[in-house]
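This is a predicted model, so every value here is computed, not measured.
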Amino acid sequence: QKNIILDYGGPNIGKPLHVGHLRSLNIGRSLYNINKLVGNKVTSDIHLGDWGMPIAQIISYMNIHKIDSENITIDELEKIYPLSSSLYNDDDEFKESALQINKKLNKRDKEVIQQWSVIRKVSLKSISQALEILGHKFDLILGESDVNYLIPEMLESLLKKKRITEDSGAYIACLNTDPKILITKSDGSYLYLTTDLATVINRKDKNFDTVLYIVDKRQSFHFKQLFQCIDYFEFDDAVFQHIAFGTVNDYLGNPFKTREGGTKKLIDLFDETKEYVKDVNKKLSDSTVNKLANTILTFSDLITNRKTDYKFDLEKFSNISGKTGIYVQYALVRAKKLLHKSKLKQTKEFYTTKLDEKDLNLIYSLMKFEIYLGRALNNSEPHHLADYLYELSNLYNSMYQSDNILENNDQEITINKLLITSYFIDYSTLLMESLGIFPVDEM
């Protein structure tokens, strides 16, 4: 049994969960479920971006515009975040104001901390609501703020050990790398690397064997530097891995944007998917529609090899006859209805002489479960299980359509097919759970 922590999600307070979070959430949840299935001890940490310059920018903007932090709403925060970020880059006076707020934040100034705590509380409520709708939950909701206090002592210790050195006001690692690894900025502010290193220290007493960071492939260089530092600073001897993934784009292959050109909220994509499902079948219950919308967002994401980019095409991914989440849900619903209608008492043994080619194809495929599970686990690649689920569903539909099972004159053939159906239901349900898909009972 391994003791594993999965670091994924990574939303920033002040910002909504956006489409860019989709893959991290889906891959992270699936890897969590897969590792649980094989008996590993697993912990998930959402790793909030809740400290530093982005927060200082928001607070600075609120101060200048005399916005009452005590009554701030998530809608206001979501507007302020990009405005304050843009001002920081374009306005020297605003930049200086934000830098001063950041210093106060790090010194735990009472007034600034009060503003920060309200922003965090409002943001976290919004993020938690979105996660619940999307079927995600975390064991730990910790952020940069939970490890920030460790950084001064960490830097002091590394200086004493001569593992870092000062360079024009900044601290750099004494590693022979090109470029040099920056640990803090020249103005004394911290980087993602700084807080990630402090997070490693904070987790050390939990004795994790493996630490998986499920973050998109554009951050590969960051994690290369982080792992070099962990090794060089002798912080932890656990296995550290970056589980990199490609981006999800719109159906034209462009980054997801709103009509106004802003970042598209993940909950908006969910709502669009939900409305599409409703239009296809208006008789479905709200609970089923929600599950099917999440199925589309999850299966279309996980059927793609995580290392590659993909285009999100709602019409394609909701097709009942394609390689889709709707297709695998339909196969499972069909199987459950068949078993429910059956009045025959099932046995646990096949009538082997009455198994036809389609029966055998599905039975042989069911026997491959451990092979696909091993691939998904060893490579941290859920697409192997998504492919396998589709393969089983396809073979089951083929068997189902080849014969009117309940009206077959040969009772032994019917019993065989019902027994195969019960196995298919068990395996299909288990695979869905491993992928983070919630089975439905109607279509």
Side-chain angles (χ1 to χ4, degrees), residues 1 30 33-40 288 291-292 295 298-299 302-303 320-378 381-443:
Q1 187 194 56
S30 182
N33 294 343
I34 290 166
N35 276 282
K36 277 269 189 185
L37 179 62
V38 300
N40 288 330
T288 298
K291 287 177 181 176
L292 290 176
T295 295
T298 303
F299 191 83
L302 296 182
I303 196 72
I320 201 163
S321 58
K323 196 174 183 178
T324 67
I326 297 297
Y327 180 84
V328 300
Q329 286 277 24
Y330 179 68
L332 181 58
V333 168
R334 175 182 258 181
K336 287 191 285 191
K337 280 184 177 177
L338 176 68
L339 222 53
H340 182 70
K341 282 183 187 176
S342 169
K343 300 282 196 299
L344 284 173
K345 185 179 179 183
Q346 289 181 62
T347 66
K348 287 295 176 186
E349 292 185 13
F350 291 111
Y351 293 97
T352 52
T353 58
K354 299 293 178 72
L355 291 167
D356 63 29
E357 186 183 2
K358 293 186 186 299
D359 298 337
L360 291 169
N361 286 341
L362 182 48
I363 291 168
Y364 292 148
S365 188
L366 289 167
M367 292 165 67
K368 298 179 195 172
F369 177 80
E370 286 189 24
I371 296 170
Y372 283 98
L373 180 63
R375 287 176 189 166
L377 179 70
N378 296 331
E381 291 176 345
H383 77 268
H384 297 292
L385 292 187
D387 274 326
Y388 181 47
L389 176 58
Y390 173 75
E391 178 185 311
L392 289 181
S393 302
N394 198 28
L395 290 170
Y396 179 75
N397 279 334
S398 179
M399 183 196 83
Y400 181 95
Q401 290 163 354
S402 69
D403 200 346
N404 192 329
I405 296 170
L406 295 184
E407 294 181 16
N408 194 299
N409 293 326
D410 190 326
Q411 193 172 342
E412 291 178 358
I413 289 176
T414 299
I415 288 171
N416 273 350
K417 291 185 185 295
L418 288 174
L419 184 52
I420 293 169
T421 296
S422 71
Y423 282 126
F424 168 72
I425 291 170
D426 290 343
Y427 277 75
S428 188
T429 302
L430 184 58
L431 286 164
M432 284 191 186
E433 288 172 356
S434 299
L435 294 168
I437 292 170
F438 305 96
V440 298
D441 296 315
E442 57 174 344
M443 287 289 283

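- Taking each heavy atom of Asn33 and Ser434 in turn, the nearest pair found is CB-O, 3.5 Å.
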Set out, in order, the CA-CA distance, both residues' side-chain angles and the distance that settles side chain to side chain contact (heavy atoms under 4.5 Å, CB included) for Leu339 and Ser422, then state yes or no.
CA-CA 7 Å; Leu339 222 53; Ser422 71; 3.9 Å; yes
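- At distances below 3.5 Å, at least one donor-acceptor pair connects side-chain atoms of Asp359 with backbone N or O atoms of Asp356.
- Rounding to the nearest 0.5 angstrom, the gap separating the CE atom in Met443 from the CZ atom in Arg334 is 10.5 Å.
- The local environment of CD in Glu357 is sparse, with at most 12 non-hydrogen atoms from other residues, nucleotides or ligands closer than 6.0 Å.
- Shown here for Ile34 and Ala376, the closest heavy-atom pair between the two residues is CD1-CB, 4.1 Å.
- One N or O on the side chain of Thr414 and one on the backbone of Ile405 form a donor-acceptor pair closer than 3.5 Å.
- The shortest distance between side-chain heavy atoms of Leu377 and Leu37 does not fall below 4.5 Å.
- Ring geometry for Phe369 versus Tyr388: interplanar angle of 30 to 60°, hence tilted.
- Open room surrounds CD on Glu370; 12 or fewer heavy atoms of other groups in view lie less than 6.0 Å from it.
- Side-chain contact between Leu406 and Leu418 is present, with heavy atoms from C-beta onward closer than 4.5 Å.
- Atom NZ of Lys336 sits in a crowded spot, with more than 12 heavy atoms from other residues, nucleotides or ligands closer than 6.0 Å.
- With contacts defined as side-chain heavy-atom distances shorter than 4.5 Å, the pair Leu332/Tyr396 does not qualify.
- For Tyr330, the OH atom counts as loosely surrounded, since its 6.0 Å shell holds 12 or fewer non-hydrogen atoms of other residues, nucleotides or ligands.
- In this structure the side chain of Lys417 reaches within 4.5 angstrom of the side chain of Ile413, judged on heavy atoms.
- The shortest heavy-atom contact between Ser365 and Glu391 is OG-OE2, 2.5 Å.
- Note that the CZ atom of Phe424 and the CG atom of Leu395 stand 9.5 Å from one another [nearest 0.5 Å].
- Taking CZ of Phe299 as the reference point, atom CG of Leu435 lies at 7.5 Å (rounded to 0.5 Å).
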Between Asp441 and Lys291, does the salt bridge (charged side-chain N to carboxylate O under 4.0 Å, His left out) criterion hold? Intermediate values first, please.
CA-CA 10 Å; Asp441 296 315; Lys291 287 177 181 176; 5.8 Å; no
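- For the residue pair Asn408 / Asp403, a side-chain donor-acceptor distance below 3.5 Å is found, with atom types taken as modelled.
- Summarising the geometry, atom CG belonging to Asp426 is positioned 11.0 Å from atom OG1 belonging to Thr421; distances are rounded to the nearest 0.5 Å.
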Asn361 vs Met399, test: side chain to side chain contact (heavy atoms under 4.5 Å, CB included). Steps then yes/no.
CA-CA 9 Å; Asn361 286 341; Met399 183 196 83; over 6 Å; no
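- A distance of 12.5 Å separates CG of Leu392 from CD1 of Ile425, quoted to the nearest 0.5 Å.
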Could you walk me through whether Lys323 and Asp387 satisfy the side chain to side chain contact (heavy atoms under 4.5 Å, CB included) test, starting with their C-alpha distance in whole Å, then the side-chain angles of each, then the deciding distance to 0.1 Å, before giving a yes or no?
CA-CA 9 Å; Lys323 196 174 183 178; Asp387 274 326; 3.0 Å; yes
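- Atom NE2 of residue His383 and atom OH of residue Tyr390 lie 15.5 Å apart, to the nearest 0.5 angstrom.
- Shortest non-hydrogen contact noted between Phe350 and Ile420 is CE2-CG1, 3.4 Å.
- Between Gln329 and Ile437, the closest side-chain pair of non-hydrogen atoms falls below 4.5 Å.
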